[in-house]
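Report on the following structure.
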Amino acid sequence: MPELPEVETTRRSLAPVLEGRVVVSAMLRHPRTGRRNERSSDVADRLRGRRVVTMLRHGKFIMTEMEDDLTWVIHLGMSGRMEIAKPNDPEQPHTHFVAITDRDVAVRFVDPRTFGFIAVLTPSELATSSFRDLGPDALLELPSAKRLGERMSGRVVAIKTLLLDQRVLAGLGNIYADEVLARAKVHPRRQAGSLSEDEVKAVRRYIKPVLEAGLAHGGTSLDDLAYLLPDGRAGEYLKLLRVYGRDGEPCMTCGTTIDKVSVGGRSSHFCPNCQH
DNA sequence: AACGATCCCTGTTGGC
DNA sequence: TGCCAACAGGGATCGT
């Protein structure tokens, strides 16, 4: 599942191919992929003929600065991935968007479940879109424990749910949220406001290391369908996961069987002995 | 305002 | 073996 490490891996792969290049051809093949533009036809129309300036990332969004103050937004959703190919290479099924650069490189968006999208927005559109509610980036702008504690205080929502709230912190998804809580030894169902100062510090302390470890291993690829790197390789972080997807297996620390429950409608994996 | 539930979508999985 | 319901999940939206 593309979360911050997978999105950042994708950005780092695309940047050398796209930055400084002109998009000579752009095609949106699936209207749903362009749903975040008022007119989905604008997605391709606004990219065509324009130069890519800088590719940035905020949370799980790739935000690419284009000529004329346009922002090219890419969100991989749940099953989306980018592919770098030659224009004549065969396409994967579910290729919903294709851009071709002035160096004759094709950048394609493959997304079976269409939860992802591609948008190209003007400054005013960007300012009025939901992106303005995005919280600080979990890797680049991680708030202090004090600040994070303030965001948690008084909240009865589960800490797991709060960590997934992109308005609080942008970048964590289901896998890495579970992994952070496992290392911090905090139960995913704990009310966010009930965490002690030390527990808030522990949660905060493990956010960067977990994300950076994911990044160092090219992200997490759960199966063939899910996220792949733009060169088609699978991410290798899967084998380093401590709790996610390990329900029924022994905890690496104490041997207790890893449990799986639903928290805020999301599957949550934890050690009932280590996490309180 | 805060929170939970529901929906979108389709490939995979698990139960019968 | 084959069928089909359940499941996965980020984010928008709606109801309480």
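Keep in mind that this is a model prediction, so the values were computed, not measured. In what follows, chains are A, B, ... by sequence order, proteins preceding strands, each numbered from 1.
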Please pick, from C:dG9, B:dC3, C:dG10, the nucleotide with the shortest atom-to-atom distance to any side-chain atom of A:Lys60. C:dG10
Contact class for A:Phe117 (heavy atom, under 4.0 Å): base, sugar-phosphate, or nothing? nothing
More 5' along DNA chain B: A:Gly264 or A:Thr114, using each one's nearest nucleotide? A:Gly264
B:dT10 P sits how many Å from A:Leu76 CG, rounded? 18 Å
If I take atom CD in residue A:Gln191 and atom C1' in nucleotide B:dA2, what distance separates them, rounded to the nearest angstrom? 13 Å
Let me know the distance between CZ of A:Arg155 and P of B:dA1, rounded to the nearest Å. 13 Å
Indicate the ring-plane relationship of A:Phe117 and A:Phe131, choosing parallel, tilted or perpendicular according to the 30° and 60° boundaries. tilted
Answer yes or no: is there a side-chain heavy-atom contact under 4.5 Å between A:Thr256 and A:Cys274? no
Check whether the aromatic ring of A:Phe115 stacks on the base of C:dG10, taking stacking as ring centres less than 5.5 Å apart and planes within 30° of each other. no
Please determine, by modelled atom types, if A:Thr95 and A:Arg108 share a side-chain donor-acceptor pair under 3.5 angstrom. no
NA contact type, A:Arg36, heavy-atom cut-off 4.0 Å: base, sugar-phosphate, or nothing? sugar-phosphate
Counting only distance, no hydrogens or angles, is the base of C:dA8 paired donor-acceptor with the side chain of A:Arg266 under 3.5 Å? no
Can you measure A:Asp247 atom CG to B:dT13 atom C1' for me and round it to whole angstrom units? 14 Å
If each of A:Arg32 and A:Gly265 is mapped to the nucleotide of DNA chain B with the nearest heavy atom, which maps nearer the 5' terminus, i.e. the 5' end? A:Gly265
Phosphate oxygens OP1/OP2 of C:dG10: is one of them under 4.0 Å from a side-chain N or O of A:Gln166? no
Measure the distance from CE on A:Met78 to P on C:dG9 and round it to the nearest whole Å. 6 Å
Between C:dG10 (P) and A:Phe61 (CZ): distance, integer Å: 12 Å
Atom pair distance, as rounded to whole Å: CG in A:Leu169 and C1' in C:dG10: 15 Å
Among C:dA12, C:dG11, C:dA8, the one nearest A:Ser130 by side-chain distance: C:dA12
Looking across every strand, which nucleic acid part, if any, lies under 4.0 Å from A:Ser267 by heavy atom: base, sugar-phosphate, or nothing? sugar-phosphate
With no hydrogens and no angle check, do the side chains of A:Arg36 and A:Ser130 hold a donor and an acceptor under 3.5 Å apart? yes
Measure from the side-chain heavy atoms of A:Asn174 and tell me the nearest of B:dC3, C:dG10, B:dT10. C:dG10
Dump the intermediate steps for side chain to side chain contact (heavy atoms under 4.5 Å, CB included) on A:Leu142 and A:Leu169, then the final yes or no. CA-CA 8 Å; A:Leu142 183 65; A:Leu169 200 58; 4.1 Å; yes
